[in-house]
Amino acid sequence: MCFSGDFPVRRARLPDVAPGDLIAIRDVGAYALGMWSRYNSRQIPRIIGRYDGRFVILRERETPMDVVRFWEGGASATGDDLG
């Protein structure tokens, strides 16, 4: 999740990529989650981290019902009430 002022790097030279290729940019995205808001009822995305040489899911993506529960005053399925 990036915002209009987020630039991991400017004018980077990248290798050629093709459809189906995966690109990873390390050490980005924490600011977006740390500053998360419920503006426009955006769902909190899945959060993936790297631990002990493998990727792990740290938090599942919110569902539309999680967002509805938040606005109704109930806790989300993730147990958090970010906003």
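What's counted below: heavy atoms across the whole structure, side chains too, no hydrogens, waters or symmetry copies.
Hydrophobic cluster membership of Phe55, counting Ile, Leu, Val, Met, Phe, Trp and Tyr whose side-chain heavy atoms lie under 4.5 Å apart directly or via other members: Ile48.
Between the CZ atom in Arg69 and the CD atom in Glu62 there is a gap of 9.0 Å [rounded to 0.5 Å].
Under the rule for a side chain to side chain contact (heavy atoms under 4.5 Å, CB included), the partners of Asp21 that lie at least two apart in sequence or sit in another chain are Val17, Ala18. Legend: residues meeting side chain to side chain contact (heavy atoms under 4.5 Å, CB included) with Ala12, ordered by chain and number and at least two apart, are Val9, Leu14.
Shortest non-hydrogen contact noted between Asp66 and Arg61 is OD2-O, 4.5 Å. Minimum interatomic distance between Arg42 and Val67 (heavy atoms only, all atoms of both residues): O-CG2, 4.4 Å.
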Side chain to side chain contact (heavy atoms under 4.5 Å, CB included), that's the test. Do Ile44 and Arg59 meet it? Break it down for me.
CA-CA 9 Å; Ile44 295 173; Arg59 178 182 179 150; 3.3 Å; yes
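Among pairs with a residue in residues 46-58, those fulfilling side-chain hydrogen bond (donor to acceptor under 3.5 Å, both in side chains) read Arg46-Glu60, at least two apart in sequence or across chains.
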